[in-house]
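Data block below; observations after.
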Amino acid sequence: MKKLSSWPIFILLSIPSLKMYAVQQLPLLDNFLDVLGVFSCIFLIMLCCLKRNKLVFPKGCKYIITFFSIFLITTILHYNENLLGLVSVTSKVLIVVLYLILSFSSGEKVFLNTLKKFRKVYIIILLIDSICVLVEILGFEIYESYMYTILGYDNYATFSILPMLSIVFYTSYKTKNRITAMDKLVFITCLIVKISTFSFTAILAMMVMALTTYIALRGKQLRKMISVRFIICIIVCFIIGLTFFHLDTIVDVFLAPTGKTITNRTNLWIYALQGISKSPLIGHGSLQGDQYKTIAGYYLAYTTTETHPHNYILQILINTGMVGLFVYVGIFNQLIKAIRNNIKNKINAIVLGGVIGFLIISIPDGYLELPAIYMFMTVVFLDNISARRSLSPNKLNSLTN
């Protein structure tokens with residue numbers, strides 16, 4: 001399986017997972033990448049079945065696959081006309097998960113080569129995305145529609161940008177024992193872009209990511225003090241307070257100088273809860289705009305084009321219900337376990353920064369289908385003490401911290 005890390009194989013298998021939002025403006029290319037993604041996914045599934053006795057398959061990855069299986073089933077039950085679109089989305093996610101599993105199971109050399117390739121491609125994508133925004137700001141029209149970047153607009157793009165940056169940092173630290181000048185340049189460029197478009201939550205998430213990484217790199221005790229589970233509890237309490245105890249009006253006072261407001265989000269969350277209550281156990285599956293607005297009950301009440309709950313947890317619940325949320329909790333439990341098991345390694349600081357930054361951006365939005373976050377999770381699931389113990393002795397000896 002060493003050929004997995006070659007550039008031709010990498011491009012052929014992984015390019016569908018790298019498909020950017022802007023590709024939607026090119027229908028032929030968009031459809032081609034969707035079809036290629038399904039075939040690439042099927043090929044990787046077959047390869048995993050053939051090599052199943054030699055694979056390291058972390059529990060966290062099994063949870064990811066289970067979650068998307070539930071997503072597919074609920075879509076079949078409720079809105080089967082959306083199934084093909086979800087199959088395409090699921091394929092892109094499974095591509096990165098299975099490709100990394102196969103690479104890791106082939107030993108350190110293949111795994112690191114795969115990470116290096118993703119790092120290079122991610123840097124190129126992030127820089128092009130940033131340049132496009134800056135060019136648009138200068139008054140040059142690139143797109144036919146209002147979009148600004150190749151990755152999508154504001155928060156949507158950030159759901160890819162944050163985990164991409166985490167992979168870039170992680171790979172550099174893994175191979176060079178430091179975050180390189182190029183990595184910092186890419187991060188600063190992405191941050192400048194978010195500042196220029198005044199994407200408040202994205203700016204906050206990126207700053208928290210950088211600060212957490214910096215603090216956690218100072219020492220093991222500081223890394224131990226950063227509790228992902230505690231931060232999740234704080235975020236959940238914050239959301240409940242905003243929604244049910246009218247704390248949103250207090251937050252709006254502080255946001256007034258920026259021209260931003262959080263009240264619109266809390267209104268959307270309340271409507272989302274109404275939609276969730278109609279199918280709390282298994283959710284509604286994949287939804288298109290009008291379908292979601294009808295379920296949430298604001299199809300006539302709202303004149304906006306809001307087509308989703310604008311919160312990660314509520315998005316999970318509306319799509320897959322309590323069953324899906326239970327599985328997603330399993331994903332994060334495995335993530336927290338991997339962090340704790342690897343707490344002595346300084347590279348864990350980058351993991352903490354990426355995870356906490358992602359938690360911040362998940363408060364006002366929720367996009368479950370973007371592959372980059374699942375790639376980041378899979379790297380964390382694989383590249384730790386527990387996963388290494390599953391390797392054969394000769395491959396275990398080749399893996400270094």
Side-chain angles (χ1 to χ4, degrees), residues 4-47 68 71-72 75 81-100 114 117-137 140-165 167-168 186 189-190 193 197 286-289 305 307-308 367-376:
L4 279 172
S5 63
S6 67
W7 272 109
I9 298 297
F10 173 81
I11 294 297
L12 183 63
L13 292 178
S14 68
I15 195 170
S17 70
L18 302 170
K19 189 185 85 168
M20 293 159 286
Y21 187 80
V23 173
Q24 293 180 16
Q25 292 191 102
L26 304 170
L28 288 177
L29 179 60
D30 188 26
N31 293 333
F32 171 75
L33 290 176
D34 286 344
V35 173
L36 179 61
V38 173
F39 279 104
S40 296
C41 184
I42 292 172
F43 174 78
L44 287 169
I45 291 172
M46 293 173 61
L47 193 56
F68 277 93
F71 205 166
L72 288 166
T75 300
E81 66 269 28
N82 300 333
L83 183 61
L84 285 178
L86 184 59
V87 167
S88 173
V89 166
T90 302
S91 297
K92 294 177 181 63
V93 171
L94 294 186
I95 282 171
V96 293
V97 174
L98 298 177
Y99 190 73
L100 286 170
T114 300
K117 286 177 174 58
F118 271 110
R119 176 183 176 272
K120 290 177 181 177
V121 172
Y122 281 172
I123 285 176
I124 292 170
I125 290 173
L126 291 171
L127 287 176
I128 293 175
D129 182 74
S130 299
I131 291 169
C132 287
V133 176
L134 297 176
V135 168
E136 287 270 346
I137 290 172
F140 296 96
E141 186 176 336
I142 297 177
Y143 306 108
E144 295 176 1
S145 59
Y146 180 71
M147 183 166 54
Y148 274 123
T149 80
I150 60 172
L151 291 175
Y153 187 66
D154 277 352
N155 287 347
Y156 183 90
T158 309
F159 271 85
S160 291
I161 290 170
L162 280 178
M164 282 182 176
L165 285 170
I167 291 295
V168 169
V186 173
T189 303
C190 291
V193 166
T197 60
S286 180
L287 299 170
Q288 301 300 321
T305 57
T307 57
H308 58 100
Y367 299 100
L368 307 179
E369 75 279 9
L370 300 177
I373 183 59
Y374 299 102
M375 178 186 173
F376 177 56

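Since we're looking at a predicted model, the values are computed, not measured.
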Sorted by chain and residue number, the side-chain contact (heavy atoms from CB on, under 4.5 Å) partners of Val121 (sequence neighbours excluded) come out as Trp7, Phe10, Leu18, Ile125
Please tell me if the side chains of Tyr374 and Leu368 come closer than 4.5 Å, counting only heavy atoms from C-beta onward. yes
side-chain contact (heavy atoms from CB on, under 4.5 Å) partners for Ile124, two or more places apart: Ile128
I need the minimum non-hydrogen distance between Pro371 and Ser17, along with the two atoms involved. CG-O, 3.6 Å
Heavy-atom distance under 4.5 Å between the side chains of Val193 and Ile161, does that happen here? no
Could you tell me whether the side chain of Phe68 reaches within less than 4.5 Å of the side chain of Val93, counting heavy atoms only? yes
Which residues pass the side-chain contact (heavy atoms from CB on, under 4.5 Å) test with Ser160, not counting sequence neighbours? Met164, Leu370
Does Asp30 reach the main-chain N or O of Leu26 with its side chain, forming a donor-acceptor pair under 3.5 Å? no
Within the structure provided, determine whether Val168 and Ile123 are in side-chain contact (heavy-atom separation under 4.5 Å). yes
Residue set satisfying side-chain hydrogen bond (donor to acceptor under 3.5 Å, both in side chains) with Gln24, at least two apart, ordered chain then number -> none
In chain order, what residues pass the side-chain contact (heavy atoms from CB on, under 4.5 Å) check against Thr114, with sequence neighbours excluded? Ser5, Tyr99, Leu100, Ser103, Val110, Phe118
Closest heavy-atom pair, Ile150 versus Asp129, reported as atoms and distance to 0.1 Å, is N-OD1, 3.2 Å
Is any side-chain heavy atom of Val38 closer than 4.5 Å to a side-chain heavy atom of Val87? yes
For residues Asn82 and Ser286, report the shortest heavy-atom separation together with the two atoms involved. ND2-O, 2.9 Å
Sequence neighbours excluded, which residues qualify as side-chain hydrogen bond (donor to acceptor under 3.5 Å, both in side chains) partners of Ser88? Asp34, Lys92
Over all atoms of both residues, closest heavy-atom pair of Ile95 and Ser14: CG2-CA, 4.1 Å
